[in-house]
Amino acid sequence: MKKFIFSIFACAGLFFLGSCADFFEQESDHVAFAEDYQLNNATDTIYGVTGILNKMQKLADRTILLGEVRGDLVDIADATSADLREVALFNTDDDNIYNNPRDYYAVINNCNYFLSRVDTALVNSRNEQIFKREYAVVKGFRAWTYLQLVLNYGSIPFVTEPILTKLDAEKPYEKKGIQEVCEWLIQDLTPLASDEYLLRYGDIPQYGIIRSTDSRFFYFPTTLMLGELNLWAGHYREAAQWYYRYITTRNGTNVAYTTGLGSVQWFGTSWNMRGDSWLSLITNERYSLSPNDESELITMIPADSIPSEGNFSELRNIFNSFDVTTGEYHPAQLVPSNGLINLSAAQTYCYVEDRDTLYAPNNLDDYLTGDLRLARAWNDGYAIYNSQRVAYQQINKYASRNVHIWRRQMVWLHFAEALNRAGYPRFAYQILARGLSNQVIQEEVIPYYRADSAYIASTFSFPNERYITATPMGMYGENMQGIHSRGSGWSYCNAYYQMPVDTLITDSLQQIQYQIDAVEKMIVDEGALEFAFEGLRFYDLMRVALRRGDPAFLANKVYGRKGDDQRDIMRSLISVDLNNSNNWFLKWNGQIGF
């Protein structure tokens with residue numbers, strides 16, 4: 001059966017694109033075998049799906065690194081590989097290992113082949129479509145891969161039929177940009193969103209896919225994928241509604257899916273004792289539908305256990321100082337940037353004791369000033385190795401051989417982003433500061449948007465008995481807090497973390513626009529604090545900059561990687577002008593990208 005996978009689905013690795021022959025690596029022996037093969041039994045479809053997953057493994061590390069290294073939260077070091085260094089400095093050539101669009105199209109062509117061959121007309125004795133779930137998840141694979149491809153290259157040949165012959169490969173294919181790709185994929189996925197489709201095949205046979213992890217983590221939920229696509233396309237009401245739909249159905253329609261209570265917090269005001277219920281949530285790979293379970297993971301790409309198997313993730317070795325397979329010491333290739341360290345330190349930690357609101361000092365050692373998530377995610381110092389004192393680093397988020405792609409707080413933060421841009425910044429702010437319930441919406445949101453009160457009340461419901469926001473006094477069943485409280489204490493009690501209001505603005509529409517921009521900055525900062533090192537940052541900056549029509553928004557962040565006082569140094573090191581948005585994207589062989 002393993003041979004079957006690499007025969008039928010090797011055609012995806014051939015490679016295809018545009019009318020340029022060197023973009024395709026045709027292997028006619030595979031094409032001849034695949035040309036007329038139909039997927040009309042369970043064995044074929046199961047191994048077809050896992051075959052696509054096998055191809056996706058090549059994209060796993062790259063997804064994280066391209067999203068993180070080009071941003072402002074990590075910096076290169078003496079040990080950084082030449083390929084990563086080029087990516088970080090926007091000087092990526094055609095030979096860079098992270099610049100290979102063939103790998104994306106290998107997945108896409110596999111998906112196109114599967115979708116064109118799977119027999120969706122087959123039904124069981126209850127007249128249910130047998131392969132409906134497989135069909136939906138493969139469309140999700142294709143949508144996610146296309147989104148990653150266009151975000152990294154900006155303008156791409158768009159192919160929806162399988163490339164099986166040399167003639168197919170030489171056809172001229174239409175190029176699409178981010179907006180066009182998203183619009184097409186939204187139309188493609190929307191009919192499949194009537195139900196959520198997550199396959200569970202149990203233990204996966206071992207040819208690159210691990211045995212022990214729940215296979216429901218391997219897929220991209222349709223409703224969540226539609227939220228992401230609509231957010232990038234600028235359809236903010238639609239995006240908010242898709243995120244809401246995922247949140248309120250992920251655990252079942254009568255079970256909450258909250259932000260949870262996980263956090264890194266101070267115990268007492270001596271500022272020398274901390275507690276942590278945050279990191280274990282991020283690294284946990286247990287799938288649960290329990291209303292009391294705060295597991296974060298939604299989607300991951302599984303990786304091999306040893307390097308010789310071919311799809312081994314190098315992220316642990318890149319971010320950490322000790323080789324996970326040999327135990328040998330090596331310096332980390334990527335380190336937290338001064339920009340991230342400064343942003344974390346700039347937060348004000350709020351502690352509530354009885355009825356007193358207190359704030360942590362702003363001069364604590366070991367990166368403990370401000371938000372506490374960075375200090376929990378990052379350990380650095382010195383160790384003894386071969387009788388030598390060596391500097392070491394550990395990024396605690398990278399403890400698994402698997403590559404985590406989506407998690408719970410991303411959904412809530414992107415939900416806030418969509419609500420904010422839909423015109424409801426106070427709604428978005430509550431997700432950051434307090435958490436949501438119907439009571440919070442009635443008290444803190446609807447009074448400020450009377451014209452839309454009916455829409456808000458009828459579209460978004462977080463029943464008070466299921467969504468219970470935490471208070472310093474503590475109540476039974478609390479399960480919800482503002483995302484900023486995960487590292488900065490009681491955020492809704494924090495005088496330094498309030499809803500932005502410009503008292504000099506008297507026009508209500510101008511005030512809302514001011515608040516939208518200000519809350520958006522809070523959301524961007526929160527994304528940095530919560531998701532540092534996880535590969536979201538560059539895409540978040542890109543999305544906001546494109547939305548605002550302001551390339552300088554991204555450029556200034558990246559130029560501040562080494563700190564505000566070294567912007568000129570960073571600008572001189574980067575080989576292109578980031579104020580030109582075309583320079584944000586990779587280019588390959590003159591055939592893809594701007």
**Message:** Using the rule given for salt bridge (charged side-chain N to carboxylate O under 4.0 Å, His left out), can you reason through E526 versus R373, listing the C-alpha separation, both sets of side-chain angles and the distance that settles it, and then say yes or no?
**Reply:** CA-CA 11 Å; E526 193 60 37; R373 282 169 286 189; 2.7 Å; yes
Test of ring centre spacing under 6.0 Å for [X] and [Y]:
X	Y	answer
Y359	Y496	yes
Y351	W266	no
F322	H330	no
Y392	Y382	no
F427	F460	yes

Out of curiosity, [X] [atom1] to [Y] [atom2], how far, rounded to the nearest 0.5 Å?
X	Y	atom1	atom2	value
I431	Q409	CD1	CD	10.5 Å
I516	Q511	CD1	CD	11.0 Å
R401	E285	CZ	CD	9.0 Å
I298	H404	CD1	NE2	12.0 Å
K557	L73	NZ	CG	9.0 Å
Y539	T63	OH	OG1	6.0 Å

**Asked** If every non-hydrogen atom of K521 is compared with every non-hydrogen atom of R548, which pair is closest and at what distance?
**Response** N-NH2, 4.4 Å
**Prompt:** Are F462 and Y244 close enough, and set up right, to give a ring-ring contact (aromatic ring centres under 6.0 Å, His included), and what steps lead you there?
**Reply:** CA-CA 10 Å; F462 297 91; Y244 168 77; 5.4 Å; yes
Decide whether [X] and [Y] meet the rule of one side-chain donor and one side-chain acceptor closer than 3.5 Å.
X	Y	value
S488	D371	yes
S485	S491	yes
Q439	S437	no
R376	Y367	no
E417	N420	no
N556	R571	no
E296	W278	no

**Request:** Using a cut-off of 6.0 Å, state whether more than 12 heavy atoms not belonging to D78 lie near its atom CG.
**Result:** no
**Item:** Lys/Arg N to Asp/Glu carboxylate O, R543 vs E228, below 4.0 Å
**Value:**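 Not counted as a salt bridge, because no side-chain N and carboxylate O are separated by less than 4.0 Å.
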**Asked** Aromatic rings Y398 and F319: how do their planes relate, parallel, tilted or perpendicular, breaks at 30° and 60°?
**Response** parallel
**Over-ring placement of R434 relative to Y497, 6.0 Å and 45° cut-offs** =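 No; the conditions do not both hold, so R434 does not lie above the ring face of Y497.
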